[in-house]
Structures are given as structure tokens and as C-alpha cells.
Amino acid sequence: QVQLVESGGGLVQPGGSLRLSCAASGSIYTIPIMGWYRQAAGKQRDMVATISSGGSTDYADSVKGRFTISRDGAKMVYLEMNSLKPEDTAVYYCAANPSGSSWEDWGQGTQVTVSS
């Protein structure tokens with residue numbers, strides 16, 4: 001079991017950028033798969049990006065070419081968001097997949113608002 005804390009959200013104008021960070025605690029080992037999900041008001045929570053311990057990444061079609069997921073050692077994962085659009089507005093959640101099969105741990109979320 002791990003605890004996840006997101007940071008870096010905020011208000012940006014369309015076309016702007018943000019970098020989200022997720023800090024993991026409760027384990028000294030690298031979590032096999034980490035990811036970012038987002039949930040807009042009144043909508044489903046959907047996968048944004050994932051990254052394995054080996055560095056393999058996957059992205060939702062809606063963010064490909066604009067967002068980049070990365071990780072730094074065992075405890076940190078990042079989401080660089082560029083060319084932000086109003087439809088990117090959502091609460092962004094960090095998630096951990098310790099087994100490589102299911103998402104078992106979630107952060108509290110950080111709000112990203114893209115608006116002029």
C-alpha cells in the first residue's frame with residue numbers, strides 16, 4: 001500500500017502549460033506502473049497517461065502530442081501538460097498499479113482549470 005500526493009495544479013489560459021507532480025510514500029520499492037487519470041465535473045474518471053518501471057508510456061488519444069508522463073526513481077511521477085485546452089479542465093489524480101494489473105492506490109487529486 002502506498003500513499004500518493006499530487007501537486008502543481010492551478011489556473012492557466014488556453015495554450016498554457018502546467019507540470020503536475022505525484023509523490024509516493026509508504027514503500028521503498030519502485031511501483032511497477034504509475035499513471036495519471038482525470039475527472040471533469042459531471043464526467044467519468046479516465047486514464048490520461050501511464051508509465052511503467054521500464055519507462056514504457058501510454059497516452060489517451062486526447063492528450064497525445066501535448067502531455068508527457070515521466071518518473072524519477074521510485075517515488076516521483078510527473079505529468080507535463082502543454083498546449084492546454086479548456087476541455088483539459090478536470091481534477092487530475094495520480095494512481096499506482098503495484099501488481100501491474102489493477103489500479104489500487106489513488107491520490108487526493110489536484111485541480112487543473114484551463115480558462116481565459
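Position 1 is the first residue of the sequence, and the numbers go up from there. Owing to the predicted nature of the structure, the values given are computational and were not obtained by experimental measurement.
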Enquirer: Check whether the side chains of W106 and Y37 place a donor and an acceptor atom closer than 3.5 Å, and report yes or no.
Expert: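 Checked: W106/Y37 side chains show no N/O donor-acceptor pair below 3.5 Å.
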Enquirer: What are the two closest heavy atoms between L79 and A49, and how far apart are they?
Expert: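 What the structure gives for the nearest pair is CD1-CB, 4.2 Å.
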Enquirer: Which atoms form the tightest heavy-atom contact between R38 and A90, and what is the distance?
Expert: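 Distance-wise, the nearest heavy atoms are CB-CB, 3.8 Å.
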Enquirer: Calculate, to the nearest 0.5 Å, the distance between atoms CD and SG belonging to E6 and C94 respectively.
Expert: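 One gets 5.5 Å once the value is rounded to the nearest 0.5 Å.
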Enquirer: If hydrophobic clusters are built by linking Ile, Leu, Val, Met, Phe, Trp and Tyr wherever their side-chain heavy atoms come under 4.5 Å apart, do L84 and Y93 end up in the same one?
Expert: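 Different clusters.
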Enquirer: Looking only at heavy atoms, which two atoms of V2 and A96 are closest? And how far apart?
Expert: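 The pair with the smallest heavy-atom distance is CG2-CB, 3.9 Å.
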Enquirer: Kindly state each residue pair satisfying salt bridge (Lys or Arg N to Asp or Glu O under 4.0 Å) with at least one member in residues 60-73, sequence neighbours excluded.
Expert: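 Qualifying pairs, neighbours excluded: D61-K64, R66-D88.
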Enquirer: When rounded to the nearest 0.5 angstrom, what distance separates CD in Q111 from CD in Q39?
Expert: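 The CD atom of Q111 sits 11.0 Å away from the CD atom of Q39.
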Enquirer: Hey, mind stepping through W36 and C22 against side chain to side chain contact (heavy atoms under 4.5 Å, CB included) and telling me if it holds?
Expert: CA-CA 9 Å; W36 289 95; C22 173; 3.7 Å; yes
Enquirer: Should W103 and T50 count as side-chain neighbours, where that means a heavy-atom distance under 4.5 Å?
Expert: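 With C-beta onward as the side chain, the pair touches.
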Enquirer: Taking the side chain as C-beta and beyond, is there a heavy-atom pair between V114 and K85 under 4.5 Å?
Expert: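 A side-chain contact under 4.5 Å is absent here.
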Enquirer: Shortest non-hydrogen contact from P14 to S116?
Expert: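 In this case the closest contact between P14 and S116 is CD-N, 3.7 Å.
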Enquirer: CG of N97 to CG of D105: how many Å apart, nearest 0.5 Å?
Expert: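 Reported value, rounded in 0.5 Å steps: 9.5 Å.
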Enquirer: Is there side-chain contact between L11 and S115, with at least one heavy-atom pair below 4.5 Å?
Expert: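 Yes, side chains in contact.
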Enquirer: Look at the rings of Y92 and F67 and say which category their plane angle falls in: under 30° parallel, 30 to 60° tilted, over 60° perpendicular.
Expert: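 Because their plane-to-plane angle lies in the 30° to 60° range, the rings of Y92 and F67 count as tilted.
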Enquirer: Is S102 reaching over with its side chain to a backbone N or O of E104, donor-acceptor style, under 3.5 angstrom?
Expert: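 The answer is no, because no donor-acceptor pair under 3.5 Å joins these two groups.
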Enquirer: Determine the minimum heavy-atom distance between S70 and R19, stating which atoms define it.
Expert: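 In terms of heavy atoms, the two residues are closest at OG-NH2, 4.3 Å.
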Enquirer: Are the side chains of I69 and Y78 in contact, using a 4.5 Å heavy-atom criterion?
Expert: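 No. Closest side-chain heavy atoms not under 4.5 Å.
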Enquirer: May I have the step-by-step check of side chain to side chain contact (heavy atoms under 4.5 Å, CB included) for S17 and E80, ending in yes or no?
Expert: CA-CA 7 Å; S17 299; E80 183 179 345; over 6 Å; no
Enquirer: To the nearest 0.5 angstrom, please state how far the CD1 atom of I33 sits from the OG atom of S56.
Expert: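 These two atoms lie 9.0 Å from each other.
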Enquirer: CG/D46 to OG/S62 distance, rounded to the nearest 0.5 angstrom?
Expert: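 Answer rounded to 0.5 Å: 8.0 Å.
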Enquirer: Has Q44 got more than 12 heavy atoms of other residues, nucleotides or ligands less than 6.0 Å from its CD?
Expert: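 It does not: Q44 CD has 12 such atoms or fewer within range.
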Enquirer: Can you find a pair of side-chain heavy atoms, one from V12 and one from M81, that are under 4.5 Å apart?
Expert: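 With C-beta onward as the side chain, the pair stays apart.
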Enquirer: Group every Ile, Leu, Val, Met, Phe, Trp and Tyr by side-chain heavy-atom contacts under 4.5 Å, then state whether Y59 and V48 land in the same group.
Expert: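 Yes, same cluster.
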Enquirer: Is there a path from V91 to L4 through hydrophobic residues (I, L, V, M, F, W, Y) whose side chains come within less than 4.5 Å of each other?
Expert: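 No, because V91 and L4 fall into different hydrophobic clusters, even though each may have its own neighbours under 4.5 Å.
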Enquirer: Side-chain contact, heavy-atom cut-off 4.5 Å: T89 with V112?
Expert: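 No - every pair of side-chain heavy atoms lies 4.5 Å or more apart.
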Enquirer: Work out which heavy atom in G8 is nearest to a heavy atom in T110; give both atom names and the distance.
Expert: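 Looking at all heavy atoms of both residues, the shortest contact is N-OG1, 4.3 Å.
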Enquirer: Which distance, rounded to the nearest 0.5 Å, do you find between the CG of N82 and the OG1 of T68?
Expert: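 Atom-to-atom, N82:CG and T68:OG1 are 6.5 Å apart.
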